[in-house]
> 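Sharing a structure below in structure tokens format, with a few things to ask.
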Amino acid sequence: MSSMRAIASSPSQQWDSKLQTHLPNASNKPINTNPNLQFKPTRHPLPCFSLNSSKSQTPLTPISPTTPPLVVVGSANADIYVEIERLPKKGETISAKTGQTLAGGKGANQAACGGKLAYPTYFVGQVGEDAHGKLVTEALRGGGVHLDHLSSVGGAPTGHAVVMLQGDGQNSIIIVGGANMSCWPERLSDEDLRVVRSAGIVLLQREVPEEVNIQVAKAAKSAGVPVILDAGGMDAPISQELLNYVDIFSPNETELGRLTGMPTESFEHISKAVAKCHKMGVRQVLVKLGDKGSALFVEGEEPLKQPIISAAKVLDTTGAGDTFTASFAVALVEGKSKKECLRFAAAAASLCVQVKGAIPSMPERKSVLKLLQSLSG
């Protein structure tokens with residue numbers, strides 16, 4: 001999940017105007033040899049107390065050949081919200097004004113946003129066989145998301161997060177991985193990989209095991225499907241193997257600084273850190289700049305800057321970044337230009353922060369278009 005007021009994503013240069021154009025194979029992308037970059041060379045088993053998992057027994061939803069779907073592979077959480085005036089100090093206990101549990105998780109957020117924008121959206125993920133799993137499933141179904149590829153596992157609880165929401169709308173978040181981080185099969189099913197290869201675009205985050213993301217990104221690349229990797233999630237180095245299959249890498253300022261080991265206090269600093277990302281083989285880097293908006297860096301081109309679209313009142317920034325990413329992806333698949341995609345996504349994020357909760361705050365298409373129309377009038 002994200003705590004951005006506005007975020008920007010980017011299209012892939014090769015498929016901005018012709019969405020059916022295939023991207024180069026991963027073997028054509030440069031392999032990083034920079035000794036200062038952090039790699040994670042080995043894979044690790046995915047722990048689970050049970051190998052049993054279940055999916056919907058209904059027939060798989062047919063995919064329209066004329067409308068390639070948005071496919072989101074990622075996390076699904078129950079977000080436990082507590083409203084507080086300030087964060088507690090070390091050893092201190094404070095009272096919350098209110099508390100409630102809502103569906104969230106970066107993957108589920110992005111999928112719900114695509115569904116609410118009335119674009120065909122599929123979610124590949126896992127929940128536990130518990131009340132939180134039912135909460136997430138119903139929220140995604142209510143958002144119009146296809147759940148053929150959502151598994152229910154018996155060996156782990158549904159992932160959850162504690163969201164400490166302060167009076168100014170900013171938040172601090174603690175995540176418990178649960179089913180998001182365990183009980184995944186060693187190899188994803190043919191059905192899951194088939195929907196990935198049939199996608200118009202694939203969105204990934206770092207709240208599921210990296211081995212899962214690598215399988216998905218590799219399958220997408222083999223079919224010429226562009227991949228966006230949101231850097232949010234686990235605080236660990238990203239493997240070069242995964243980056244070889246990524247078309248758009250999207251960190252925020254903090255993540256960019258941590259992953260490159262470089263300062264990001266100014267736009268000049270950010271530009272230099274992005275150049276280091278280009279050396280990792282990712283040609284397009286979308287940096288999320290919080291209340292300063294965002295910037296899309298395409299190697300060899302001038303960066304595109306997108307300011308935020310100011311909200312009347314900021315109630316909750318949770319999920320704004322996920323709203324931006326998914327909205328951008330939808331606009332891109334529909335053939336809009338890079339600037340149009342950025343603006344569409346900024347408008348969606350502006351509407352998101354005016355409603356409490358992640359999935360409940362995802363705007364409908366008509367609301368986004370209405371806001372954009374009001375700005376151009």
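Below, all heavy atoms of this structure are taken into account, side chains as well, without hydrogens, waters or symmetry copies.
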> Count I, L, V, M, F, W, Y as connected when their side-chain heavy atoms are under 4.5 Å apart, and connections chain through other members. Are Val176 and Ile80 then in the same cluster?
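No; tracing contacts between hydrophobic side chains, which count when under 4.5 Å, never links both residues.
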> Can you check whether Gly357's main-chain N or O pairs, donor with acceptor, with Asp316's side chain at less than 3.5 Å?
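Here the side-chain-to-backbone pair exists.
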> For atom CD of Glu92, decide whether the heavy atoms of other residues, nucleotides or ligands shown that lie under 6.0 angstrom number more than 12.
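Atom CD in Glu92 is packed in, count exceeds 12.
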> Between Lys338 and Gln284, what is the shortest heavy-atom contact and its length?
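Smallest interatomic distance, heavy atoms only, reads NZ-OE1, 4.4 Å.
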> Step through the shown structure and confirm whether more than 12 heavy atoms of other residues, nucleotides or ligands are within 6.0 Å of NZ on Lys292.
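Enclosed.
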> Quick check for you: to the nearest 0.5 Å, what is the distance between Ile248 atom CD1 and Leu296 atom CG?
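So the CD1 of Ile248 and the CG of Leu296 are separated by 7.5 Å.
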> Should His269 and Leu256 count as side-chain neighbours, where that means a heavy-atom distance under 4.5 Å?
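A side-chain contact is absent here, since even the closest heavy-atom pair is not under 4.5 Å.
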> Would you check if the side chain of Glu255 reaches a backbone N or O of Gly233 as a donor-acceptor pair within less than 3.5 Å?
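Pair absent, no side-chain N/O of Glu255 close to backbone of Gly233.
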> For residues 349-358, which residue pairs pass the salt bridge (Lys or Arg N to Asp or Glu O under 4.0 Å) check, not counting sequence neighbours?
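Of all non-adjacent pairs touching residues 349-358, those that pass salt bridge (Lys or Arg N to Asp or Glu O under 4.0 Å) are Glu83-Lys356.
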> Tell me, with the steps shown, if Arg86 and Ile94 meet side chain to side chain contact (heavy atoms under 4.5 Å, CB included).
CA-CA 9 Å; Arg86 58 176 177 82; Ile94 62 175; 4.1 Å; yes
> Does any non-hydrogen side-chain atom of Glu253 lie less than 4.5 Å from one of Leu289?
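A side-chain contact under 4.5 Å exists here.
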> Tell me whether Ser198 contacts the main-chain N or O of Val195 through its side chain, where contact means a donor paired with an acceptor under 3.5 Å.
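Here the side-chain-to-backbone pair does not exist.
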> When clusters are formed by joining ILVMFWY residues with side-chain heavy atoms under 4.5 Å apart, either directly or through shared neighbours, do Met362 and Ile228 land in the same one?
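In one cluster with Met362: Ile228, no.
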> Short question: side chain of Asp247, backbone of Val227 - any donor-acceptor pair under 3.5 Å?
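Between the backbone of Val227 and the side chain of Asp247 there is a qualifying donor-acceptor contact (under 3.5 Å).
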> Going by distance alone, is a donor N or O of one side chain under 3.5 Å from an acceptor N or O of the other, for Ser75 and Asn77?
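Their side chains do not contain a donor-acceptor pair, so the 3.5 Å distance test is not met.
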> Within the side chain of Thr325, is there an N or O that forms a donor-acceptor pair under 3.5 Å with the backbone of Asp322?
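It does not hold such a pair.
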> Side-chain contact test, heavy atoms from C-beta onward, threshold under 4.5 Å: evaluate it for Thr101 versus His160 and give yes or no.
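A side-chain contact is absent here, since even the closest heavy-atom pair is not under 4.5 Å.
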> About how many Å separate CZ of Arg206 and CG of Leu229, when rounded to the nearest 0.5 Å?
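So the gap between those two atoms works out to 7.0 Å.
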> Under 4.5 Å between any side-chain heavy atoms of Thr260 and Cys277, yes or no?
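With C-beta onward as the side chain, the pair touches.
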> Dump the intermediate steps for side chain to side chain contact (heavy atoms under 4.5 Å, CB included) on His132 and Val127, then the final yes or no.
CA-CA 8 Å; His132 284 167; Val127 296; over 6 Å; no
> In terms of hydrophobic clusters joined by side-chain contacts under 4.5 Å, are Leu165 and Leu87 together?
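Result: no, two separate clusters.
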> Using only atom types and a distance under 3.5 Å, with no angle test, would you say the side chain of Ser182 pairs donor to acceptor with the backbone of Ala179?
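No, the answer is negative, given that no donor and acceptor are paired below the 3.5 Å cut-off.
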> Can you find a pair of side-chain heavy atoms, one from Val153 and one from Trp184, that are under 4.5 Å apart?
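No, too far: nothing below the 4.5 Å cut-off.
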> Answer whether the closest heavy-atom distance between the side chains of Leu188 and Val212 falls below 4.5 Å.
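Yes, at least one pair of side-chain atoms sits under 4.5 Å.
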> How many angstroms lie between NZ in Lys336 and CG in Leu342, if you round to the nearest 0.5 Å?
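The distance works out to 12.5 Å.
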> Output the distance between atom CD (Gln354) and atom NZ (Lys313), rounded to the nearest 0.5 Å.
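Between atom CD of Gln354 and atom NZ of Lys313 there are 10.5 Å.
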> Work out which heavy atom in Gly74 is nearest to a heavy atom in Phe123; give both atom names and the distance.
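Closest pair (atom of Gly74, atom of Phe123, distance): O-CZ, 3.4 Å.
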> If you draw the axis of the six-membered ring of Phe267, does the NZ or CZ of Lys305 fall within 45° of it and under 6.0 Å from the ring centre?
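Because its charged atom sits under 6.0 Å from the ring centre and within 45° of the axis, Lys305 does stack over Phe267.
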> Rounded to the nearest 0.5 Å, what separates atom CG in Leu147 from atom OG1 in Thr137?
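Between atom CG of Leu147 and atom OG1 of Thr137 there are 6.5 Å.
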> For Arg258 and Asp235, what are the C-alpha separation, side-chain angles and deciding distance, and is it a side chain to side chain contact (heavy atoms under 4.5 Å, CB included)?
CA-CA 9 Å; Arg258 185 176 69 240; Asp235 182 8; 2.6 Å; yes
> For Glu265, which residues count as a salt bridge (charged side-chain N to carboxylate O under 4.0 Å, His left out) partner, sequence neighbours excluded?
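Here no residue qualifies.
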> Where do Ala346 and Gln306 come nearest, in terms of heavy atoms and distance?
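So the minimum-distance heavy-atom pair works out to CB-NE2, 3.7 Å.
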> Mind listing the closest non-hydrogen atom pair of Ala217 and Tyr245 along with its distance?
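In this case the closest contact between Ala217 and Tyr245 is CB-CB, 3.6 Å.
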> How close do Gln205 and Leu203 get, heavy atom to heavy atom, and via which atoms?
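Reported closest heavy-atom pair: NE2-O, 3.6 Å.
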> Ignoring hydrogens, what is the shortest heavy-atom contact between Cys113 and Ser327? Give both atom names and the distance.
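The pair with the smallest heavy-atom distance is SG-OG, 3.4 Å.
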> Can you check whether Lys288's main-chain N or O pairs, donor with acceptor, with Ser294's side chain at less than 3.5 Å?
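No.
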> Going only through I, L, V, M, F, W and Y residues with side-chain contacts under 4.5 Å, is there a path from Met262 to Ile238?
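No, no single cluster joins them.
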> A side-chain contact here means heavy atoms from C-beta on lying under 4.5 Å apart; do Ser239 and Ile214 qualify?
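SC-SC contact between Ser239 and Ile214 confirmed.
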> According to a 4.5 Å side-chain heavy-atom criterion applied to Ile, Leu, Val, Met, Phe, Trp and Tyr, with indirect links allowed, do Phe328 and Leu369 form part of one hydrophobic cluster?
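Cluster IDs for Phe328 and Leu369 match.
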> Run Leu204 and Val216 through side chain to side chain contact (heavy atoms under 4.5 Å, CB included) and show every step you take.
CA-CA 9 Å; Leu204 302 176; Val216 172; 3.7 Å; yes
> Quick check for you: to the nearest 0.5 Å, what is the distance between Tyr81 atom OH and Gln100 atom CD?
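The OH atom of Tyr81 sits 8.0 Å away from the CD atom of Gln100.
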> Could you tell me which residues satisfy salt bridge (charged side-chain N to carboxylate O under 4.0 Å, His left out) with Glu138, sequence neighbours excluded, listed by chain and number?
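If we apply the salt bridge (charged side-chain N to carboxylate O under 4.0 Å, His left out) test to Glu138, skipping adjacent residues, the hits are Arg141.
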> Is any side-chain heavy atom of Phe249 closer than 4.5 Å to a side-chain heavy atom of Met280?
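No. Closest side-chain heavy atoms not under 4.5 Å.
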